[in-house]
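Notes follow once the structure below has been shown.
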Amino acid sequence: MNLATYVLQLMSLMNLDLTLRTEIQKAVATLFNQSVEQVQLQPTNKEFEGSHTVVCFPLTKLSRKGPEETARLIGEHLIANSGIVTRYNVVKGFLNLVIADSVWASVFESVFSNPKYGSLPANGKEMMVEYSSPNTNKPLHLGHLRNNFLGYSVAEIFKANGYKVHKVQIINDRGIHICKSMAAWQLYGNGETPDRAGVKGDKLVGKYYVEFDRNYKAQVQELIAQGVPEADAEKKAPIMKLAVEMLQRWEAKDEEIYSLWKTMNSWVYEGFDATYKRMGVDFEKLYYESNTYLLGKDEVLRGLERGVFFKKEDGSVWVDLTAEGLDQKVLLRSDGTSVYMTQDIGTAILRFLDFPKIEGQVYTVGNEQEYHFKVLFQILKKLGFAWAEKCYHLSYGMVDLPSGKMKSREGTVVDADDLMQEMVDDAEKQTRELGKIEDSSEEEIKALAEMIGLGALKFFLLKVDPKKRMLFDPNESIQLQGHTGPFIQYTHARIRSILRKAASMNISPAVENIIALEPAERELIFQLNNYTNKLQEAAREYSPAVIANFTYDLAKEYNQFYQSIPIFNEADPAKLKFRVALSKAVADLLKKSMSLLGIQVPEKM
RNA sequence: GGUCUCGUAGCUCAAUUGGAUAGAGCAGCUGCCUUCUAAGCAGCAGGUUGCUGGUUCGAUUCCAGCCGGGAUCACCA
């Protein structure tokens, strides 16, 4: 067996990058009698020949030679011994390597012949991802869309990395906020229901929340005009007194209030369910704050006994995190009741009891709560839970408007349902204008518009690094061309069209006798091969943006290939089959990676 | 004020985690549909990476100090 054959067999077991790294390590060992652990390998800049570049500056210490000489020696050695490098060039300290086309072909073969390419094998680990978790007094808005798409996508990314994932959310169904809506509804609602009003339940409850605010402000102003100090006025406004009283009666399980609360929450849930359905997100289990808000108290008291926490003179219980660089934080009020943090401690513990095999939790919550989660994880650690180390706050930036932050009180909130509808309407309008869908039914056009509109929206929100704030301009509709979801969907549809044509011509995709490749083909194989790295990186960084940008690059690359090489003009049957196979592999991977973003791709568009 | 975070082309975002001449899209300009879908492709133009220093062979990236946004520092959730 010659070297090349041996290497090709090896390729099916190892990936190309790993093989290259090993070969470089061997080269360094032989040439300089030294060992390197980390070889700096990066993609070659487009302007130079080659696909992989070894950064040789760090190796000069081992070689005791200049960077260019070091690069040249390694290059020569790889050509003589590796069996996969055919040429090289050196620019400054950068060693650019040209990989043999036969190797690329075999890399592609292993991708193409693997029906599960796109997902890593199960690793036996379990993860929990919490996302959404809205309050039940207002409808979902643009910020929630980012949250939901992020959480859903991160969960899917972990699944593709081999984890078993549990998606959950906690519903903040309790507290003064919902009592405000209840108070306003009782005062001004005249028995209005979603059915009677013809609006979604969450919208109706949201309307009364706004109504509360309006009346409350008016009442406060009136009291101030009567000479009441502002602080007093805020407490004495009759509508606020009603809401506070309702909260107390709710906590005492007063039947009338409890039933009103249940009714109004059920309206909200129905509304949310419709929105979630359209968003395409789902949850395995819902936690309700009304069930869990007392849970943390026992754990805090136990911690107090063990000396993890301390009590102040007024009876309130605190944790001291000054040694960790944080502050002191109250965990139980002087009257013995729980605070937000107390609940979160309880809920975290409950979830590990419900799902004993999870190794950690991901909390998809806005970056305004970074401090809260730092404290929470420190407390869990202090209580001795080993899994506290594996809890992660998936902190994302706000979605800002050109005018600044969205504010419900100023009416600048971008409603989730409205925005989705606008996107779908835009997509439908453009689909009809382009007129490529003559043979489609109305139903199919609607379904396609839904796919494109939501694809554009999701991609728009997910392509940005989650950690960063992002800007949304409601006056400029989200693009359907360029660096967008529809661009990728279009590329997929285009490929499917090619595959349909190939099938009708009885051309079956295959990889056989491939000796030489076009640059565009090599580039595509490179991208396909790089997917696994990106998938792992996306999980490591908790970042759907990594997948979104990879997918865009792959589609972009394919379109260049598509433009430069007319597939069916090819006379050589082996090349023809290979190009169909390459197209199929790209389409399959586009579909797979888009699904990690929660975006579907069409057969035609 | 303390802590955290961000500042890249007119606009929205990238940059393989310290690597080469900082890349895409949109907007603007120029080409390409009688050949697989023009929601596409090719090209032009657009940059003192907020500023000043430092570390390094090499800095958008790390450090320090300014300038400018944002968040947070509740017995609210």
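Order of the sequence lines fixes the chain letters, A, B, ..., with proteins taken first and strands second; residue numbering starts at 1 for each chain.
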| message | Is there aromatic stacking of A/Phe94 on B/A20 here, judged by a ring-centre distance under 5.5 Å and a plane angle under 30°? | response |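 Per 5.5 Å and 30° rule: yes, stacked.
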
Atom [atom1], compared across [N] and [M]: separation rounded to whole Å:
{"N": "B/G68", "M": "B/G58", "atom1": "C1'", "value": "29 Å"}
{"N": "B/G28", "M": "B/C11", "atom1": "P", "value": "16 Å"}
{"N": "B/A64", "M": "B/G2", "atom1": "P", "value": "15 Å"}
{"N": "B/G18", "M": "B/A74", "atom1": "P", "value": "35 Å"}
{"N": "B/C4", "M": "B/A22", "atom1": "P", "value": "32 Å"}
{"N": "B/A27", "M": "B/G46", "atom1": "C1'", "value": "11 Å"}
{"N": "B/C57", "M": "B/A20", "atom1": "C1'", "value": "13 Å"}

Roughly how far apart are [X] [atom1] and [Y] [atom2], rounded to 0.5 Å?
{"X": "A/Ser153", "Y": "A/Tyr542", "atom1": "OG", "atom2": "OH", "value": "14.0 Å"}
{"X": "A/Ser338", "Y": "A/Arg333", "atom1": "OG", "atom2": "CZ", "value": "7.5 Å"}
{"X": "A/Ile567", "Y": "A/Ile498", "atom1": "CD1", "atom2": "CD1", "value": "4.0 Å"}

| said: Distance check needed: B/G19 P versus A/Phe48 CZ, whole Å only. | reply: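 Going from A/Phe48 (CZ) to B/G19 (P), I get 16 Å.
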
| query | For A/Asp473 and B/C11, what is the distance between atoms CG and C1' respectively, to the nearest whole Å? | reply |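 It works out to 10 Å between those atoms.
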
If you look only at distance, which donor and acceptor atoms sit under 3.5 Å apart when one is on a side chain in residues 36-48 of chain A and the other is two or more places apart or in another chain?
residue	atom	partner	partner atom	Å
A/Thr44	OG1	A/Ser51	O	3.3
A/Thr44	OG1	A/His52	N	3.1
A/Thr44	OG1	A/His52	O	3.3
A/Thr44	OG1	A/Thr53	OG1	2.7

| query | Do other residues, nucleotides or ligands put more than 12 heavy atoms under 6.0 Å from the NZ atom of A/Lys235? | reply |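 Atom NZ in A/Lys235 is not packed in, count stays at 12 or less.
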
| task | Check the surroundings of atom CD in A/Glu521: do more than 12 heavy atoms from other residues, nucleotides or ligands lie under 6.0 Å from it? | result |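 Atom CD in A/Glu521 is crowded, with more than 12 foreign heavy atoms closer than 6.0 Å.
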
| Stem regions touching RNA chain B, defined by at least 3 consecutive Watson-Crick or wobble G-U pairs below 3.5 angstrom |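 Looking at RNA chain B, the stems formed by three or more consecutive pairs are B:1-7 with B:67-73, B:10-13 with B:23-26, B:28-32 with B:40-44, B:50-54 with B:62-66.
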
Protein-nucleotides 26-33 of chain B N/O pairs under 3.5 Å:
none

| query | A/Gln489 near the nucleic acid: base, sugar-phosphate alone, or nothing, with a heavy-atom cut-off under 4.0 Å? | reply |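 Counting heavy atoms under 4.0 Å across all strands, no contact is made by A/Gln489.
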
| said: By the 4.0 Å heavy-atom rule, please label A/Ile452 as base, sugar-phosphate, or nothing. | reply: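 Answer is base: heavy atoms of A/Ile452 come under 4.0 Å of a base.
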
| When you measure from every atom of RNA chain B, which of residues 541-560 of chain A have a heavy atom less than 4.0 Å away? |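 Heavy-atom contacts with RNA chain B come from A/Glu541, A/Tyr552, A/Lys556, A/Asn559, A/Gln560.
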
Within the structure, does a side-chain N or O atom of [X] lie under 4.0 Å from either OP1 or OP2 of [N]?
{"X": "A/Arg333", "N": "B/A77", "answer": "yes"}
{"X": "A/Ser497", "N": "B/C36", "answer": "no"}
{"X": "A/Arg494", "N": "B/A38", "answer": "yes"}
{"X": "A/Lys468", "N": "B/G7", "answer": "yes"}

| Assigned glycosidic conformation for B/C33 [threshold 90° from 0] |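 In terms of base orientation relative to the sugar, B/C33 is syn.
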
| With syn defined as a glycosidic torsion within 90 degrees of 0 and anti otherwise, which applies to B/U5? |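 Chi for B/U5 falls in the anti range.
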
Distance-only donor-acceptor check, side chains [X] and [Y], under 3.5 Å:
{"X": "A/Asn89", "Y": "A/Asn96", "result": "yes"}
{"X": "A/Ser334", "Y": "A/Ser316", "result": "no"}
{"X": "A/Ser583", "Y": "A/Tyr558", "result": "yes"}

| With nearest nucleotides of RNA chain B determined for A/Phe568 and A/Thr484 from heavy-atom distances, which residue corresponds to the more 5′ nucleotide? |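 So the residue in question is A/Thr484.
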
| Presence of donor-acceptor pair under 3.5 Å, side chain of A/Glu47 and base of B/U21 |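 Yes, the side chain and the base share a sub-3.5 Å donor-acceptor pair.
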
| said: At under 4.0 Å between heavy atoms, how does the protein contact nucleotides 68-73 of chain B? Give one character per nucleotide, 5' to 3', with B, S or -. | reply: -BSSSS

| Minimum-distance pair of heavy atoms, taken over all atoms of A/Met264 and A/Val205 |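 Looking at all heavy atoms of both residues, the closest pair is O-CG2, 3.8 Å.
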
| message | When you compare the side chain of A/Phe309 with that of A/Leu331, does any pair of heavy atoms fall below 4.5 Å? | response |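 Result yes, sub-4.5 Å side-chain heavy-atom pair found.
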
| task | Write out all pairs satisfying side chain to side chain donor-acceptor pair (under 3.5 Å) with one or both partners inside residues 459-481 of chain A, taking only residues at least two apart or from two chains. | result |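 Sorted result for residues 459-481 of chain A: A/Asp400-A/Arg469, A/Gln430-A/Gln481.
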
| field | Under 3.5 Å: donor-acceptor pair, side chain of A/Thr70, backbone of A/Ser63 | value |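 Absent.
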
| query | Distance-only, no hydrogens or angles: does the A/Thr484 side chain make a donor-acceptor pair with backbone N or O of A/Phe487 under 3.5 Å? | reply |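 Checked: pair present.
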
| query | What do you reckon, are the aromatic ring centroids of A/Tyr363 and A/His393 less than 6.0 Å apart? | reply |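 Not under 6.0 Å, so no.
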
